[in-house]
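Read the structure below first, then the notes.
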Amino acid sequence: MDEKQIVGEKAAEFVKDGMIVGLGTGSTVFYTIQKLGQLVKEGLTIKGIPTSFQTEKLAKELGIPLTSFSEIESIDIAIDGADEVNPELELIKGGGGALLREKIIAKAAKTFIVVADTSKRVEKLGAFRLPVEVIPFGFEMTERHIIAIGLVPEIRLNGATPFITDNGNYIFDCHFPKHVQPEILEQKLNMIPGVVENGLFVGITDLVITVDRDKNVVMLRRLYHEAD
Ligand code: 5RP
C-alpha cells in the first residue's frame, strides 16, 4: 500500500462518533477523507469542516455532512497533510494553496493531526519554498517588504496569470535563509501589510502520523512545555 494511503487511513482511527472534524487538503489527507466517507456510510456520525473548495467537493461526494464556524464553537480534531515536517513537528504547508483556511482550522482544533509520508520529513524546514498568501491590492509593494526581511519570493502562477486562492488572494513561494527560526519568521511575515498568512505552522501540531522504512506506522507526538 502507498505510504500516503497508510498514514491517511490511520488518521481516520482518531475520529470518534459525534466529533466535529477539520478536513485538510491534499493527496495524503484524501485517504483520510475517503475512509471517513466509508465510515459515515457505515453509521459514524460526524460533521466535517473543510479547508478548501476542493475538500468541500470531495466530502460532499462522499456524503460527509458539513458544518461551518457559524454553527460551531470549536473543532474536536483536524487532520491535514504537510509539505515539510521537522523533528519539532513544525511544518511548512500550503503547497496546495489552502494554507489560510488550513491554519484557521488547525488553530481552532483541540487536536491537530498531520499525515505525512517519509518524503515530508526533514531536519530543517526550507527546502520546500514557503507559501505566503497576500491580498492582490499592492502585491508588488508587499513583495518588496518580503524581500526586505531576507526572503526570495516568486509569485505562484496558474498558466500565465497569478494563482488565485479560495480567498481570492495571491501566493508568493519564498526561499528563506537557513539560519532563520520558524517562529520568528512566521511572526515577521504576518506583520507585513498585505500578508494574510504564511505556511509556517509552529506549535500547533499534536501528532504526526508517518511510517518507517518498512512502512510501519510511526506516531510522533508533540512534547508539551509548561506554558502549553
Ligand atoms: C495544501 C497543503 C497540503 O497539506 C500539502 O501541500 C501536502 O499535500 P500532499 O498531501 O498532497 O502532499 O498544505 O495547502
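Side chains are part of it too, since the values below use all heavy atoms of this structure and drop only hydrogens, waters and symmetry mates. As the structure is a computational prediction, the values presented were derived from the model and not from experiment. When a ligand or atom number is given, it counts from 1 through the structure's own listing order.
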- Set of ring-ring contact (aromatic ring centres under 6.0 Å, His included) partners for Phe172, sequence neighbours left out: none
- Query: Does the side chain of Glu9 come under 3.5 Å of the side chain of Thr32 through a donor N or O and an acceptor N or O?
  - Reply: no
- Query: Which residues pass the ring-ring contact (aromatic ring centres under 6.0 Å, His included) test with Phe30, sequence neighbours left out?
  - Reply: none
Sequence neighbours left out, cut at 3.5 Å: what donor-acceptor pairs do the side chains of residues 99-106 make with other protein atoms?
| unit_1 | atom_1 | unit_2 | atom_2 | d |
| --- | --- | --- | --- | --- |
| Arg101 | NE | Asn167 | OD1 | 2.7 |
| Arg101 | NH2 | Asp166 | O | 3.3 |
| Arg101 | NH2 | Asn167 | OD1 | 3.1 |
| Glu102 | OE1 | Lys93 | NZ | 3.1 |
| Lys103 | NZ | Glu186 | OE2 | 2.6 |
| Lys103 | NZ | Glu197 | OE2 | 2.8 |
| Lys103 | NZ | Asn198 | O | 3.1 |
| Lys103 | NZ | Leu200 | O | 2.7 |

- Note on the structure: Within the heavy-atom cut-off of under 4.0 Å, ligand 1 is lined by Lys4, Thr25, Gly26, Ser27, Thr28, Asp80, Gly81, Ala82, Asp83, Lys93, Gly94, Gly95, Gly96, Gly97, Ala98, Glu102, Lys120
- Does atom NZ of Lys107 have more than 12 heavy-atom neighbours, drawn from other residues, nucleotides or ligands, at distances under 6.0 Å? no
- Query: Heavy-atom count around Glu123 CD within 6.0 Å, excluding the residue itself: above 12?
  - Reply: no
